[in-house]
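In what follows, a single structure is set out as structure tokens and then discussed.
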Amino acid sequence: MQYSRSAQVAIWAYVVVVLVLLYLPILPPIATSISPTGRQPSITSVSFKWYAQLASNPMLIESVKTSIKVALMVGLVTPLLALSAALAVRELKVPRLILMLMLLPLFIPGISLGLANAFLFQLADIAPSFWTILVVHVLWALPFAFLIVLTAISAFDPVYLESAYVHGANRLQAFITVELPNILPGILGSATFSVILSFNETVRTSLVQGPLNTVQTYIWSRYLQVGLSPQTYALMSLLILITLILIAGLLFFNLRKGKT
Amino acid sequence: MSQVRFARWLLFAAPILFICVFLLVPLALTFTISFWERSGFTIKPGLSLDAYKVFFSGVRLSVLRTSLGFAAVVTVLGLLTAYPIAYFLALRVSPRVSQTCLFLFAVPFVINPIIRNFSLAYILGRTGPVNSFLKEIGLIERPVDWLLFSDFSVILGLTLSYMPFMIYPLWLSLAGIDRRYAEASWVLGVPPVKTFLRVTLPLSLPGVFAASIFGFVGTFGESSVPIILGGLGYQLMGNTITSTLDVLNYPLAAAMSSIVAATMLLFLVLWYRMFDIQLFLGKITLRRF
């Protein structure tokens, strides 16, 4: 069944309107951060002084370091757990159970997840640290990473593994030489996505960070204390741009994969 | 051989153990702590219903009701917005166009919702672009107050934050429907609207239910939107939990958090019993395991 031309136009217009509504909030922080006053967006005169001031804020620098360390570690740990879970779905006899467990963090509100872990660490006498932040970030990223890796693994036909076994490879050899190269793009995609999610997380982090700060919780605590300052707008703009660059990287990678 | 077997077992068990230790155990712990007693600034093990009594007798009960109501409204608004998009992308455009659009919907989702909502607060504010524009075209004389720090702004913020996420389960279930069912219905002379209502819509229910849970989960536990877009004193479950933590009433915070988590788990169990999650994910995983 084909739609009439006007119906087509109407539906596309609707999709575009929703997309515009979703993308619109990305612009004002950027336009504000480059304005000389730093309070209202400006398009006539441009200033980067608020960005320059960021570099001289020691508390912020610390939080940036924490954010980067956590994000890199999340990008390393999450895909490995996701890969292992995705393989378990295929190899173990309880796929439904594993699927449900891996997707569970999606269904628990951030505040409950953060608070629950805060209680766990408190009772286990584990002081808030880089590691406690890492745990909640991995929990948050794991369902997404898992779905990405699962998709990659499902597109791989296990008959190739059989062929490797016939030629004398053991399970590990067959996995590393035959399957891994095939699903590597999926694993790298899940790593990038995990980094993006970690870099944009606030609520879960704020409950287990103790004296530490990530960039996101730094912004949130500044907002609660003094409201939004020009420097905060600059910081938010940087975070948006970094996220967009990471997504562009992901997209570029996928397009190249699609061509070969 | 037994060592290899153990290593294999450990590899597969690692993610499951991770979820158990850092999600299931902590949630059970939260539930336990909700029955503990306060002593000064600390808590001690006990079997007290104080937290629940305080919760169900105070103003916080109305916060729960408001939160449930908001979560329902936002879920319905999200479904109404997302379903036509998911339907269109799943059944009416080429896979390439649909992939591109799904990707475009994912981008704003990964940018921290807190930053997006700060921005929304500016857009809706007294001196923001919406009010300026309305004044410019002469529709209003003074800035409209209810745009920000109101139920309107909170619901708008919640919907914009969580609606994109609802498109995916809807798309997944719609794209997985065998088109021959709908074609058979047309061949039998059933008009398109009726075909949709009696064939396509029922077949997409697993996705509708999953999307509803996603919308509900986000909205029900959201703690930053009521602060940013609701303004001073605006309370939903999420930020009431954080403000309870600020006054160190841990059992009460644990009780409220347990109520939120239990509601979500209840929905999840319902979904798990009613629909086949493997079949549901079968579309992206291309085949059943």
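Convention: sequence-line order gives letters A, B, ...; per-chain numbering from 1.
Of the two parts of A:F193, only the side chain, counted from C-beta on, holds a non-hydrogen atom closer than 4.5 Å to a non-hydrogen atom of chain B. Residue B:W271 touches chain A through its side chain alone, counting heavy-atom pairs closer than 4.5 Å. For chain A, the nearby parts of B:L268 are the backbone and the side chain; heavy atoms of each come within less than 4.5 Å. Contact annotation for B:S258: neither backbone nor side-chain heavy atoms come within less than 4.5 Å of a heavy atom of chain A. For A:L21, the parts sitting under 4.5 Å from any heavy atom of chain B are the backbone and the side chain alike. The part of A:T243 that comes within reach of chain B is its side chain, from C-beta onward, which places non-hydrogen atoms under 4.5 angstrom from that chain. Only the side chain of B:I33 has a heavy atom closer than 4.5 Å to any heavy atom of chain A. In this structure, chain A has a heavy atom under 4.5 Å from the side chain of B:L24, while its backbone stays farther away. With a 4.5 Å cut-off on non-hydrogen atoms, B:A253 touches chain A through its backbone and its side chain both. Of the two parts of A:L101, the backbone and the side chain both hold a non-hydrogen atom closer than 4.5 Å to a non-hydrogen atom of chain B. Contacts of A:L83 with chain B are absent, with no heavy-atom separation under 4.5 Å from either backbone or side chain. Using a 4.5 Å cut-off between heavy atoms, A:L142 touches chain B through its side chain atoms alone. With a 4.5 angstrom heavy-atom cutoff, B:F220 does not touch chain A via any of its atoms. At a 4.5 Å heavy-atom cutoff, the contact between A:L239 and chain B is made by side-chain atoms alone. Only the side chain of B:L29 comes within contact range of chain A, with heavy atoms under 4.5 Å apart. B:M163 touches chain A through its side chain: at least one heavy atom from C-beta onward sits under 4.5 Å away, while N, CA, C and O do not. The contact between B:I114 and chain A is made entirely by side chain atoms (from C-beta outward), counting heavy-atom distances below 4.5 Å. Residue contact with chain B, scored on non-hydrogen atoms closer than 4.5 Å, is absent for A:F199. For A:L139, the parts sitting under 4.5 Å from any heavy atom of chain B are the backbone and the side chain alike. Contacts of B:V269 with chain A are absent, with no heavy-atom separation under 4.5 Å from either backbone or side chain. Only the side chain of A:L244 comes within less than 4.5 Å of a heavy atom of chain B; its backbone N, CA, C and O stay farther away. With a 4.5 angstrom heavy-atom cutoff, B:A13 does not touch chain A via any of its atoms.
Side-chain contact check for B:V25 versus A:F119: every heavy-atom pair is 4.5 Å or farther apart. For the pair A:M102 and B:P15, the minimum side-chain heavy-atom distance is below 4.5 Å. Looking at A:L147 and B:Y168, their side chains never come closer than 4.5 Å, going by heavy atoms from C-beta outward. No side-chain heavy atom of B:P84 sits under 4.5 Å from any side-chain heavy atom of A:I11. Two residues are said to be in side-chain contact when any heavy atoms from C-beta on lie closer than 4.5 Å; B:F22 and A:V138 fail this criterion. Within the 4.5 Å cutoff, the side chain of B:T242 has no heavy atoms near those of the A:V203 side chain.
Nearest heavy-atom pair, A:L81 versus B:A14, reported as atom, atom and distance to 0.1 Å: CD2-C, 4.0 Å.
By the 6.0 Å and 45° rule, B:R116 does not stack over the aromatic ring of A:Y23.
Rounding to the nearest 0.5 Å places CD1 of A:I219 at 7.5 Å from CZ of B:F118. Of the inter-residue distances, the one linking A:M100 atom CE with B:Y272 atom OH reads 6.5 Å to the nearest 0.5 angstrom. In this structure, the separation between CG on A:L172 and CG on B:L11 is 9.5 Å, given to the nearest 0.5 Å. To the nearest 0.5 angstrom, A:F107 atom CZ is 4.0 Å from B:F214 atom CZ. Between the CD1 atom in A:I108 and the CG atom in B:L23 there is a gap of 5.5 Å [rounded to 0.5 Å]. In this structure, the separation between OH on A:Y223 and CD1 on B:I228 is 5.5 Å, given to the nearest 0.5 Å.
Aromatic ring pairs are classed by plane angle as parallel below 30°, tilted from 30° to 60° and perpendicular above 60°; the pair B:F109 and A:F144 is tilted.
The backbone N or O of A:Q216 sits nowhere less than 3.5 Å from a side-chain atom of B:N112 that would complete a donor-acceptor pair. A distance-only check finds a donor-acceptor pair linking the side chain of A:N200 to the backbone of B:V110 [under 3.5 Å].
Listed options A:L24, A:I196, A:L87 were ranked by heavy-atom pairs under 4.5 angstrom with chain B; first place goes to A:L87. Contacts with chain B were tallied for A:L224, A:V136, A:L228; A:L228 has the most, counting heavy-atom pairs under 4.5 Å.
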